[in-house]
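In what follows, a structure is listed as structure tokens, so that the remarks can point back to it.
This one's a predicted model, so the numbers in the text were calculated from it and none came from an experiment.
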Amino acid sequence: MVKYLLGQGVLRSSWDQVFAAFWQRYPNPCGKHILTEDIVHREVTPDQKLLSLRLMTKTDRMPRWAERLFPANVAHSDSIVDPQNQTMTTFTWNINHARPMVVEERCVYCVNSDNSGWTEIRREAWVSSSLCGVSRALWEFGLAQFKSNATKTLKGFEYILAKLQGEAASKTLIKTAREAKEKAKETALAATEKAQDLASKAQQFV
């Protein structure tokens with residue numbers, strides 16, 4: 001039995017900002033279920049798209065009946081970034097524990113149609129199980145985890161985006177203060193040189 005799930009969300013940040021935050025998402029307080037994330041392959045395709053392959057180890061709180069079936073889970077994730085059309089698509093599925101339950105997920109990050117400064121996330125998932133008698137319980141568990149992880153993803157993005165934008169703002173303030181200080185020094189030096197010039201000219205009439 002295969003069940004289809006759909007979810008959508010919006011981040012009030014530009015696609016470029018979300019793209020930059022995507023590679024820095026972990027660790028974050030909302031993504032503690034992600035234990036490790038490793039990029040095992042990356043290439044630029046002939047049509048100038050960025051293809052990345054990642055392995056993730058993650059764990060989620062589960063009901064006691066499922067703990068023996070699902071210890072830490074290893075997932076494979078492919079991502080395709082199309083900078084020209086400003087889209088990023090990720091495909092994720094679990095490598096182990098495939099017999100009890102397979103979860104395949106696709107996420108598309110694109111510019112929001114109502115506000116070009118925002119980013120829309122469309123999440124789709126297909127949950128299937130080959131175990132007789134518990135497939136319904138597994139599907140309900142998969143649905144709950146899908147909704148929970150979708151919320152965690154959005155909150156994690158918001159946390160990282162705020163952090164990155166805060167760092168950028170801080171760097172801008174530091175740069176502005178440094179430039180203002182240098183400008184003040186230049187102005188003071190010019191005023192001193194002008195005063196010395198005037199004093200030198202005044203001495204000629206004494």
Is the shortest side-chain heavy-atom distance between [X] and [Y] below 4.5 Å?
X: Thr90; Y: Phe22; value: yes
X: Gln48; Y: Gln84; value: no
X: Glu105; Y: Phe146; value: yes
X: Glu120; Y: Leu11; value: no
X: Arg25; Y: Phe157; value: yes
X: His76; Y: Leu53; value: yes
X: Ser13; Y: Gln165; value: yes

Please determine whether residues [X] and [Y] belong to a single hydrophobic cluster, defined as Ile, Leu, Val, Met, Phe, Trp and Tyr linked transitively by side-chain heavy-atom distances below 4.5 Å.
X: Leu51; Y: Phe91; result: yes
X: Ile39; Y: Leu55; result: no
X: Met88; Y: Leu154; result: yes
X: Val111; Y: Tyr109; result: yes
X: Val81; Y: Leu161; result: yes

So which atom in [X] and which in [Y] form the shortest heavy-atom distance, rounded to 0.1 Å?
X: Lys152; Y: Cys30; answer: CB-O, 3.3 Å
X: Thr92; Y: Ala75; answer: CG2-CB, 4.0 Å
X: Tyr26; Y: Gly31; answer: CD2-O, 4.1 Å

* Would you sort out whether Asn85 and Asp82 count as a side-chain hydrogen bond (donor to acceptor under 3.5 Å, both in side chains), showing the intermediate values? => CA-CA 6 Å; Asn85 295 309; Asp82 183 350; 2.7 Å; yes

Do the side chain of [X] and the main chain of [Y] share a donor and acceptor less than 3.5 angstrom apart?
X: Trp15; Y: Gln86; result: yes
X: Asp38; Y: Val40; result: no
X: Ser116; Y: Asn112; result: no
X: Thr57; Y: Thr36; result: no
X: Ser148; Y: Ala144; result: no
X: Thr45; Y: Lys49; result: yes

* **Derivation and outcome, side chain to side chain contact (heavy atoms under 4.5 Å, CB included), residues Ser52 and His41** => CA-CA 6 Å; Ser52 302; His41 178 72; over 6 Å; no

* To do: Answer yes or no: does atom CD of Glu43 have more than 12 heavy-atom neighbours from other residues, nucleotides or ligands under 6.0 Å?
  =>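 Check passes, neighbour count above 12.
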
Nearest-0.5 Å distance that lies between atom [atom1] in [X] and atom [atom2] in [Y]:
X: Glu158; Y: Asn28; atom1: CD; atom2: CG; value: 11.0 Å
X: Trp118; Y: Ser14; atom1: CH2; atom2: OG; value: 13.0 Å
X: Cys107; Y: Ile121; atom1: SG; atom2: CD1; value: 7.0 Å
X: Gln17; Y: Ile160; atom1: CD; atom2: CD1; value: 13.5 Å

* Asked: Step by step, would you call Arg122 with Glu124 a salt bridge (charged side-chain N to carboxylate O under 4.0 Å, His left out)?
  -> CA-CA 7 Å; Arg122 177 185 173 89; Glu124 298 175 282; 3.8 Å; yes

* Cation-pi check, Arg42 to Trp23: give yes when NZ or CZ is under 6.0 Å from the six-membered ring centre and within 45° of the ring axis, no otherwise. =>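 Positive - Arg42 is close enough to the ring of Trp23 and near enough to its axis.
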
* Stepwise, does the side chain to side chain contact (heavy atoms under 4.5 Å, CB included) test hold for Val127 with Val2? -> CA-CA 5 Å; Val127 181; Val2 179; over 6 Å; no

* Asked: Can you list the steps and then say if Arg123 with Gln8 is a side chain to side chain contact (heavy atoms under 4.5 Å, CB included)?
  -> CA-CA 6 Å; Arg123 298 167 59 94; Gln8 291 180 297; over 6 Å; no

